[in-house]
J.: 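Before I ask anything, here is the structure I am working with.
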Amino acid sequence: MKLFASLLLFILSSLLFGDVAVAESSNQNHPFSGRNKLFVFGDSYVDTGNTRTTDGGAWDYPYGITYPGKPSGRFSDGHISTDFLAQLLRIKLPVTYKKKDDVDKTRLQYGMSFAYGGTGVFETYADYPNMTAQIDLFEQLLGNVYSPSDLSSSVALVSVAGYDYLNFLAKNHSLPELLGFKSYIEDVVNQTEVNLRRIYTLGVKKIAIPSLTPLGYIPVFANFPEIIKDVVNNILVADHNSLLQKVVAKLNSETNHSAFTIIDYYNTFLTVFNNKGEIPGILPFKTPFIACFEIDLNEFKNSTLCEDPRSAFFWDPIHPTQEGWKSIYKVLRHNITAALTKA
Ligand SMILES: *[C@@H]1O[C@H](CO)[C@@H](O)[C@H](O)[C@H]1NC(C)=O
Ligand SMILES: *[C@@H]1O[C@H](CO)[C@@H](O)[C@H](O)[C@H]1NC(C)=O
Ligand SMILES: *[C@@H]1O[C@H](CO)[C@@H](O)[C@H](O)[C@H]1NC(C)=O
Ligand SMILES: *[C@@H]1O[C@H](CO)[C@@H](O)[C@H](O)[C@H]1NC(C)=O
Ligand SMILES: *[C@@H]1O[C@H](CO)[C@@H](O)[C@H](O)[C@H]1NC(C)=O
Ligand SMILES: CC(=O)N[C@H]1CO[C@H](CO)[C@@H](O)[C@@H]1O
């Protein structure tokens, strides 16, 4: 269990280190199949700038060096999943909840992001809004900022990237506690179900939720034996993803068949990791499991930055680079447009 203890120390520090921003982005403005707003809930895999600058991480150098050239609150060197999904749907980047009162009101028409740093469906850090709290903020805007017809032409992106699990592991090191993991996975997926159903009931008729990535390969686990990575991927992640599939099937049978869609990050991440050049338009990552920004937890100033973030899949111990996300969305683009733009 010593392994776990040091692993957790590492994870915990990375989490504390990691968080959010302000973002502006590109994109065309023709609505795609009538869907013209994106609402975003969840964590740092989708957060484009809600954390406070005092939360650190995403608001500090070298975050944002590729885009926009300075920290923007994204947990990456540049664009992240939200940017690429918005681009695919031809929706402008939704404004962050944090900036909603500072931007021109016309910006609100593209939707809003409530996602916040290292949050989970349950509490991770005391003053971070869990997903329930994020949906509460969304609900408060209904009827005044967003009308029912706004919502019915919207897409929601709901990210549960694994912070509940990293947090659980950080707090439960002993064997008996770890044996409680299976029921915790059920708790997380059941709470995810409650959240997804609530977003639908509030009026969003197209909801996308990524599967858990093969977390055992994130650089946080790099120095751990293969067995640990296997346990994480083949037990934790596999259980979560199979329960999530059941929940989404159940929700789709209760509501509209195609209202809920899983974005298959698990297989897509593996496809990109294993790519040796056979996927057109996607350069192979030579060392996909090595982070570009290697954070030295003992002495932060000793952290090292790779020469070219575009050659790395992972930006830091947890988050992909812009190039990483771009590759993922290239592989996924046909399935995503098919799933999110059909009636
Ligand atoms: C979410 O956070 C709120 C406020 O801290 C808390 O009352 C609530 O129990 C949390 N919800 C879940 C599902 O953990
Ligand atoms: C999760 O939900 C399922 C189906 O509703 C239920 O059978 C199970 O007991 C729940 N799990 C937990 C840990 O509450
Ligand atoms: C299914 O979607 C259609 C079109 O978006 C809508 O008119 C209908 O009310 C939805 N049905 C349910 C059960 O939500
Ligand atoms: C940080 O780097 C300096 C200079 O290379 C080195 O002397 C020091 O031991 C490093 N600190 C840690 C904690 O590795
Ligand atoms: C796209 O969907 C098809 C049909 O469900 C599936 O076989 C394929 O693996 C998916 N591709 C990706 C990249 O998810
Ligand atoms: C058995 C046990 O102590 N479980 C704890 C593990 O960590 C979570 C929070 O992440 C607690 O809620 C559990 O009680």
Side-chain angles (χ1 to χ4, degrees), residues 1-19 41-46 115-135 158-198 209-251 262 264-266 269-270 297 317-319:
M1 284 306 113
K2 237 184 162 172
L3 267 181
F4 266 111
S6 39
L7 164 67
L8 291 184
L9 189 71
F10 191 20
I11 289 171
L12 201 59
S13 327
S14 331
L15 290 180
L16 288 175
F17 170 78
D19 270 282
F41 303 91
D43 49 48
S44 60
Y45 269 35
V46 294
Y116 196 109
T119 54
V121 298
F122 298 119
E123 181 177 297
T124 50
Y125 300 102
D127 57 348
Y128 280 22
N130 60 30
M131 198 180 285
T132 306
Q134 294 174 26
I135 302 171
V158 180
S159 174
V160 179
Y163 285 99
D164 292 294
Y165 300 126
L166 296 179
N167 192 50
F168 180 99
L169 290 171
K171 288 183 180 156
N172 305 268
H173 310 161
S174 77
L175 191 53
E177 286 170 330
L178 287 171
L179 293 176
F181 212 97
K182 260 196 136 67
S183 81
Y184 187 67
I185 296 172
E186 273 188 31
D187 285 341
V188 169
V189 178
N190 285 6
Q191 183 59 41
T192 302
E193 176 183 350
V194 168
N195 297 346
L196 291 172
R197 186 180 282 111
R198 188 170 163 217
I209 177 159
S211 57
L212 219 51
T213 65
L215 280 179
Y217 294 134
I218 62 176
V220 158
F221 295 97
N223 295 324
F224 288 85
E226 289 304 314
I227 178 91
I228 301 280
K229 300 177 196 180
D230 286 348
V231 165
V232 170
N233 288 338
N234 300 328
I235 299 182
L236 192 177
V237 175
D239 269 9
H240 173 98
N241 285 343
S242 89
L243 289 172
L244 182 66
Q245 268 188 354
K246 284 185 195 140
V247 156
V248 164
K250 177 169 142 201
L251 289 168
I262 292 181
D264 187 2
Y265 276 3
Y266 186 85
F269 272 59
L270 291 180
L297 293 170
I318 294 183
H319 309 96

J.: Of all heavy-atom pairs between Ser44 and His319, which one has the smallest distance, and what is that distance?
T.: OG-NE2, 2.7 Å
J.: Verify, without hydrogens or angle tests, whether Asn167 (side chain) and Tyr163 (backbone) share a donor-acceptor contact under 3.5 angstrom.
T.: no
J.: Compute whether any side-chain donor of one residue and acceptor of the other, for Gln191 and Asn195, lie under 3.5 angstrom apart.
T.: yes
J.: If only atom types and distance count, is the side chain of Asn130 paired as donor or acceptor with the main-chain N or O of Phe122 below 3.5 Å?
T.: no
J.: Within a reach of under 6.0 Å around OH of Tyr217, are more than 12 heavy atoms found that belong to other residues, nucleotides or ligands?
T.: no
J.: Could you check if a side-chain atom of Val160 sits within less than 4.5 angstrom of a side-chain atom of Met131, using non-hydrogen atoms only?
T.: yes
J.: Any side-chain heavy-atom pair from Leu212 and Leu236 closer than 4.5 angstrom?
T.: yes
J.: For Tyr265 and Phe269, take the angle between the two ring planes, folded into 0 to 90°, and tell me which bin it lands in: parallel under 30, tilted 30 to 60, perpendicular over 60.
T.: tilted
J.: Before accepting this row, confirm whether a basic side-chain N of the pair Glu193/Arg197 lies closer than 4.0 Å to the acidic partner's carboxylate O.
T.: yes
J.: Please report the interatomic distance OG1(Thr132) to CD(Gln134), rounded to the nearest 0.5 Å.
T.: 9.0 Å
J.: Does a donor on one side chain and an acceptor on the other come within less than 3.5 Å for Ser159 and Asp43?
T.: yes
J.: Can you tell me how far NE2 of His240 sits from OG of Ser211, rounded to the nearest 0.5 angstrom?
T.: 8.0 Å
